[in-house]
Novice: 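Here you go, one structure.
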Protein chains: 2
Amino acid sequence: MLDETDRKILNVLSKDAKASLKQIGDACFLSSAGVHLRLKKLEEQGIITGSKYILDHSKMGYQTQSFIGVYFDRANIYRKVSKALYAIPEVIECSYTTGNFSLLIKVLCRDNKHLTEILSNQIQTIEGIARTETFICLEQTFQREIELN
Amino acid sequence: MLDETDRKILNVLSKDAKASLKQIGDACFLSSAGVHLRLKKLEEQGIITGSKYILDHSKMGYQTQSFIGVYFDRANIYRKVSKALYAIPEVIECSYTTGNFSLLIKVLCRDNKHLTEILSNQIQTIEGIARTETFICLEQTFQREIELN
DNA sequence: ACTGAAAGTGTACAGTG
DNA sequence: CACTGTACACTTTCAGT
């Protein structure tokens, strides 16, 4: 499905969307048009789903990142709660998990005051949420892409 | 610090690194060279830290994503444990948090068997880790960027 | 700080093995 | 069918305002 050339291309671009086709092509012994052709195919296959710039949130005034474990108060409420959480822009990630929590979400706020407000006025008022457990990130140690091989 | 034009540019590019400068320029009443100039400045300021392609991990054979809460067995071990976790390629995110756990990490594995192996042979053998608590993602409901305004 | 035009890349496509 | 060479579109750079 993915040959070594595909993996090489993806390993570079998953870390730097701005890497030049020529550079990648040289490393893979391919013309830049050849690399481009493979990229198009990887997009068609749905392996590449998009691209994005990586921003430093703290420099934009969003200093408080936290994970919040969410407990439901009844069964069969997952879709409804997820939808309500999606409506809160500060909730930037949501996962349905095994273990103690029903959901584990990531929330990005300006500061602790902002987080308090989002938690008590928005998240904890959602119907179906029994209680929450907050883990504030003191430091994001690292975040990276999986290396293909 | 960030004016409305900067925020518009970042809102587009934080979701699609491939958006054309011309398109963005039209929306901001700026030439593509003007947009590019602002991007360069945002990079110099460290607000833009990079870019990346977004890949569908499950289509590449990585089906099991999980969060793992890590408990330390002593104080002053954070840097050492983080470094050991960084050496495991499957650990793709690591945060130092308040609350029950010392660390909350995200791990991407091929399947549950692979996760079991990483957990017992790699993570739980790290010196300073007392125990772990695993939350397997049954579904990544959503993941997105913060909207600037 | 921005524009307009020149140089350097990315993209599409007909042609090749 | 995967790839190359080429032509056009876009990004990037830079002198000029």
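Letters A, B, ... mirror the listed sequences (proteins, then strands); counts begin at 1. Hydrogens, waters and symmetry mates are skipped; everything else that's a heavy atom, side chains included, is used. Predicted model, so just to flag it, every value in this text is computed and none were measured.
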Novice: In whole angstroms, how far is the P atom of C:dG10 from the CG atom of A:Leu21?
Specialist: 4 Å
Novice: Out of D:dT13, D:dC10, C:dC2, which nucleotide sits closest to the side chain of B:Ser20?
Specialist: D:dC10
Novice: Roughly, in whole Å, what's the span from NZ in B:Lys22 to C1' in C:dT9?
Specialist: 17 Å
Novice: Less than 4.0 angstrom between a side-chain N/O of A:His36 and OP1 or OP2 of C:dT11, yes or no?
Specialist: yes
Novice: Calculate the interatomic distance between A:Leu39 atom CG and C:dA12 atom C1'; express it in whole Å.
Specialist: 14 Å
Novice: Across the strands shown, which category fits B:Lys41 at heavy-atom distances under 4.0 angstrom: base, sugar-phosphate, nothing?
Specialist: sugar-phosphate
Novice: What is the distance from CD of A:Gln45 to P of D:dC1, rounded to the nearest Å?
Specialist: 14 Å
Novice: For A:Leu30, which contact category applies under a 4.0 Å heavy-atom criterion: base, sugar-phosphate, or nothing?
Specialist: sugar-phosphate
Novice: I need the CD-P distance between B:Glu44 and D:dT12, as an integer number of Å.
Specialist: 14 Å
Novice: Measure from CG on B:Leu13 to P on D:dT11 and round the result to the nearest Å.
Specialist: 10 Å
Novice: Say whether B:Tyr86 and A:Thr141, considering side chains only, have a donor N or O and an acceptor N or O under 3.5 Å apart.
Specialist: no
Novice: Could you please name the option among C:dT3, C:dC2, C:dT11 that lies closest to any side-chain atom of B:Arg38?
Specialist: C:dC2
Novice: Salt bridge between B:Glu93 and A:Lys106, side-chain N to carboxylate O under 4.0 Å?
Specialist: yes
Novice: Look at the side chain of B:Leu37 and decide which nucleotide, out of D:dT6, D:dT11, C:dC2, has an atom nearest to it.
Specialist: C:dC2
Novice: Rounded to whole Å, how long is the line connecting atom CD1 of B:Ile24 with atom C1' of C:dC2?
Specialist: 17 Å
Novice: Angle between ring planes, B:Phe135 versus B:Phe101, binned at 30° and 60°: parallel, tilted or perpendicular?
Specialist: perpendicular
Novice: May I ask you to decide whether B:Glu90 forms a salt bridge with B:Arg110, counting only side-chain N to carboxylate O separations under 4.0 Å?
Specialist: no
Novice: Report yes or no: is the cationic atom of A:Arg79 (NZ for Lys, CZ for Arg) under 6.0 Å from the centre of the six-membered ring of A:Tyr96, at an angle within 45° of the ring normal?
Specialist: no
Novice: Could you tell me how far apart A:Tyr53 (OH) and D:dT11 (P) are, to the nearest whole angstrom?
Specialist: 10 Å
